[in-house]
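Just so it is clear, the model here is predicted, and its values are computed rather than measured. Each chain gets a letter, A, B and so on, in the order its sequence line appears, and its residues count up from 1.
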Amino acid sequence: MKLSKYYMPTLREVPADAEIPSHQLMLRAGMIRSLSAGIYSYLPLGYRVIRKVEQIVREEMDRSGALEVLMPAMQVADIWKESGRWEEFGPLMVRFKDRNEREYCLGPTHEEVIADIVRDEVRSYKDLPFNLYQIQTKVRDEIRPRFGLMRAKEFIMKDAYTLDRDEDGLDKAYQNMYDAYVRVFDRCGLDTRVVEADSGAMGGSGSHEFMVLADSGEDDLAFCTECEYAANVERAEAALEISRASKAADDLAETSADTSNNPAADATTSGVEIEKVHTPEATTIEDLVDMIGVSPEKMIKTMAYVADDQPVVALVRGDDQLNEVKLRNHLKAIELRPAHPDEFPERFGSVAGFIGPVDLSENIKIVADRRIQELEKAVTGANEKDYHLVNVNPHRDIAEIEAFTELRTVQAGDPCPRCGGALEIKSGIEVGHIFKLGTKYSSSMGATYLDENGKTQPIVMGSYGIGITRVAAAAVEQHHDDRGIVWPLPLAPFQVIILPLGNSGDVGRAAEEIYEELQDAGLEVLLDDRDERAGVKFNDAELIGIPLRITIGSRSLENDKFEVQIRRTGKEFNIDRSSACSEIENLLEEIE
RNA sequence: CGGGCUGUGGCGCAGUUUGGUAGCGCACCUGCUUUGGGAGCAGGGGGUCCUCGGUUCAAAUCCGAGCAGCCCGACCA
């Protein structure tokens with residue numbers, strides 16, 4: 001391809017709206033342009049990268065036995081109402097009506113369509129298993145699209161769906177996809193980690209996320225520094241440190257949450273009565289530390305939530321963070337939101353800043369983090385403005401705790417739940433996510449088959465996504481320097497760029513010659529035949545990140561030499577004009 | 001949805017406090033010179049100053065409403 005005939009609008013200056021490297025560089029390299037927040041056009045250079053990613057994904061999916069299909073982007077509301085997700089998905093789904101007032105959405109995902117395709121056709125266990133996938137644009141009305149292709153309202157996704165007879169089949173299909181995903185990201189030249197994940201709104205029993213480690217990542221991940229344990233912090237747990245006299249309380253919580261008449265509880269907490277203390281304006285943990293000199297780990301942080309319109313309070317230690325995902329999962333809530341301060345008096349019989357779990361109204365569900373059960377003489381809100389309670393013993397004083405469960409967010413340094421080693425937290429970009437769905441969609445939508453015994457069974461499903469456009473952005477996050485993008489060879493829009501310098505006829509002819517030769521050899525070559533100054537060409541070549549650059553100038557041409565530079569290392573050397581083509585081919589092998 | 005910042009030519013920005021006929025750099029067009037790391041000189045084109053309404057003799061500038069973009073938040077009561 002000749003640059004004089006290409007559309008590659010590079011920018012010298014950094015666009016003001018772009019925050020992270022991939023967004024800035026993809027704009028500057030003339031790869032993408034936004035139509036509106038989170039909605040992008042892929043320009044020629046950018047689309048070539050997207051297609052590289054797609055092709056790798058396609059090859060590995062095909063290799064794993066999956067079958068490519070293309071499903072409708074425009075979906076009818078009916079199937080979503082059947083699965084129950086018309087409500088569940090909420091404002092994330094883009095909805096509209098046709099001229100006959102029939103309801104539609106733009107597909108944010110395709111489980112329902114798959115179930116629909118399959119339910120009328122699959123009759124027998126002999127028809128299973130199989131795996132269908134597609135590469136298609138998905139539309140989601142994100143709360144806050146940002147970071148260019150990283151979180152867009154419209155993005156390209158590969159989604160695959162496995163259909164099996166039973167859990168056993170699903171396990172095999174899941175492992176098959178897991179292995180394919182490892183190969184995909186490896187081939188893309190990305191450093192990825194697999195972590196245990198929460199399955200969120202998709203439902204189902206197990207899931208893993210494939211993460212590209214990067215500072216700009218939106219997910220926090222917990223890794224054990226000593227074993228293989230890795231999990232999204234949404235799900236990660238820490239081993240419970242059994243400390244001091246908490247053993248008795250611990251045993252007790254195993255058997256019953258109702259601690260009010262347990263003598264063991266009384267034995268550990270006898271003697272010290274609750275006391276109300278005046279704590280004016282102290283509405284945060286920090287305020288309290290300053291005012292009454294108690295450390296945060298002796299405090300009970302009480303968080304008011306509304307779960308499917310029911311008031312709930314969650315208790316965590318003062319030095320812990322509540323993990324909303326864990327709370328939601330425990331409550332099995334569809335809608336979960338923090339209570340608004342205005343709701344405190346009426347719904348919680350309390351006041352914002354001073355809420356506490358002692359003597360709350362009976363219709364408020366109380367759930368507590370496991371670490372709360374070992375607290376003694378703790379501090380918490382008194383449900384009265386400017387007052388807190390001290391000497392609170394959860395087992396004695398909070399009668400209505402529904403459960404002690406894992407509700408906190410792990411922190412760096414926490415002990416690993418597998419081996420006790422220290423956990424570290426890193427941020428990552430989610431590029432792939434695989435789910436064992438089970439029978440959630442097949443049951444609700446009637447996708448069933450007859451087993452060997454003639455009995456009706458729901459099809460067991462799995463669902464597997466790769467964010468194609470996000471992979472491209474993640475690759476830039478991981479592979480760039482201060483001069484621009486440094487594409488891994490398998491994703492590079494072109495493998496080689498030829499820079500003829502100056503207008504001399506010889507230079508132009510030599511460039512044209514090697515250009516033809518490399519193309520005939522099957523390489524993807526860009527020839528910068530623009531009437532630009534050397535500096536402009538050098539800078540653009542580096543900005544767009546082509547792995548190999550051939551510079552042709554009159555000086556070295558006199559000796560029948562071309563100059564070659566490797567983008568990643570910056571290494572420069574001369575090659576013979578006569579053997580240039582084969583030398584370039586060898587170099588590309590090496591880079592890979 | 002809440003808070004903050006920003007909207008001026010394709011891009012990056014100044015001008016807004018103190019109202020007076022819109023400017024800089026880059027990019028673009030023409031010519032000459034130059035030509036191995038974002039050229040120099042000369043000339044030139046291009047802007048409903050986000051939108052609507054108001055105040056005023058006069059509004060990019062002041063006031064009101066709206067829209068858009070970005071950032072933070074939407075757990076730490």
### Query
Between rC72(B) and R146(A), is there an OP1 or OP2 to side-chain N/O distance shorter than 4.0 Å?
yes
### Task
Report which part of the nucleic acid A304(A) touches: base, sugar-phosphate, or nothing (heavy-atom distance under 4.0 Å, all strands).
base
### Message
What contact category does E563(A) fall into here, base, sugar-phosphate, or nothing, at under 4.0 angstrom with non-hydrogen atoms?
### Response
base
### Task
Would you classify T380(A) as touching base, sugar-phosphate or nothing, given that sugar-phosphate means primed atoms plus P, OP1 and OP2, and contacts are heavy atoms under 4.0 Å?
nothing
#### Entry: Gap between atoms CG and P, on D531(A) and rC28(B) respectively (whole Å)
11 Å
### Query
NA contact type, L499(A), heavy-atom cut-off 4.0 Å: base, sugar-phosphate, or nothing?
nothing
### Residues which pass ring pair (Phe, Tyr, Trp, His ring centres under 6.0 Å) with F354(A), listed by chain and number, not counting sequence neighbours
H388(A)
### Query
What pairs with W487(A) under ring pair (Phe, Tyr, Trp, His ring centres under 6.0 Å), at least two apart in sequence or on another chain?
none
### Query
Are any of the side-chain nitrogens in E103(A) or K97(A) under 4.0 Å away from the carboxylate oxygens of its partner?
no
#### Entry: Contact residues, residues 35-43 of chain A to RNA chain B [heavy atom, < 4.0 Å]
S36(A), A37(A)
Side-chain donor-acceptor pairs under 3.5 Å in residues 29-39 of chain A, sequence neighbours left out?
from	atom 1	to	atom 2	distance (Å)
R33(A)	NH1	L27(A)	O	2.8
R33(A)	NH2	P9(A)	O	2.7

### Task
Check side-chain hydrogen bond (donor to acceptor under 3.5 Å, both in side chains) between S578(A) and all other residues, then give those that pass, not counting sequence neighbours.
none
Pair up each side-chain donor or acceptor in residues 546-553 of chain A with any protein partner under 3.5 Å, not counting sequence neighbours, and list the distances.
from	atom 1	to	atom 2	distance (Å)
R549(A)	NE	T551(A)	OG1	3.4
R549(A)	NH1	E542(A)	OE2	3.2
R549(A)	NH1	Q565(A)	OE1	3.1
R549(A)	NH2	Q565(A)	OE1	2.9

#### Entry: Watson-Crick/G-U partner (both atom distances under 3.5 Å) of rG73(B)
rC1(B)
### Task
Assign F354(A) to base, sugar-phosphate, or nothing according to its heavy-atom contacts below 4.0 angstrom with the strands shown.
sugar-phosphate
### Message
With a 3.5 Å cut-off and heavy atoms only, can you find an N or O donor on one side and an acceptor on the other between the side chain of Q321(A) and the base of rC76(B)?
### Response
yes
### Summary
Applied to residues 321-333 of chain A, the salt bridge (Lys or Arg N to Asp or Glu O under 4.0 Å) test, sequence neighbours excluded, yields K326(A)-E406(A)
### Query
Just checking S350(A): base, sugar-phosphate only, or nothing, at a heavy-atom cut-off of under 4.0 Å?
nothing
### Message
What's the gap between rC13(B) and rU56(B) when it is taken at their C1' atoms, as a whole Å value?
### Response
30 Å
### Task
Specify the separation, in whole Å, of atom CZ of R337(A) and atom C1' of rA77(B).
15 Å
### Task
Report the residues that fulfil salt bridge (Lys or Arg N to Asp or Glu O under 4.0 Å) with K2(A), sequence neighbours left out, ordered by chain and then residue number.
E512(A)
### Heavy-atom protein contacts under 4.0 Å, nucleotides 37-44 of chain B, coded B base, S sugar-phosphate only, - none
BBB-----
### Message
Under 4.0 Å, counting only non-hydrogen atoms across every strand here, what does R33(A) touch: a base, just sugar-phosphate, or nothing?
### Response
nothing
### Message
Whole angstroms only, please: what is the CE-P distance between M291(A) and rA77(B)?
### Response
13 Å
### Task
Give a yes or no on whether a salt bridge exists between K298(A) and D319(A), defined as a side-chain N under 4.0 angstrom from a carboxylate O.
no
### Summary
Taken to the nearest whole Å, CG/D287(A) to P/rA77(B) is 8 Å
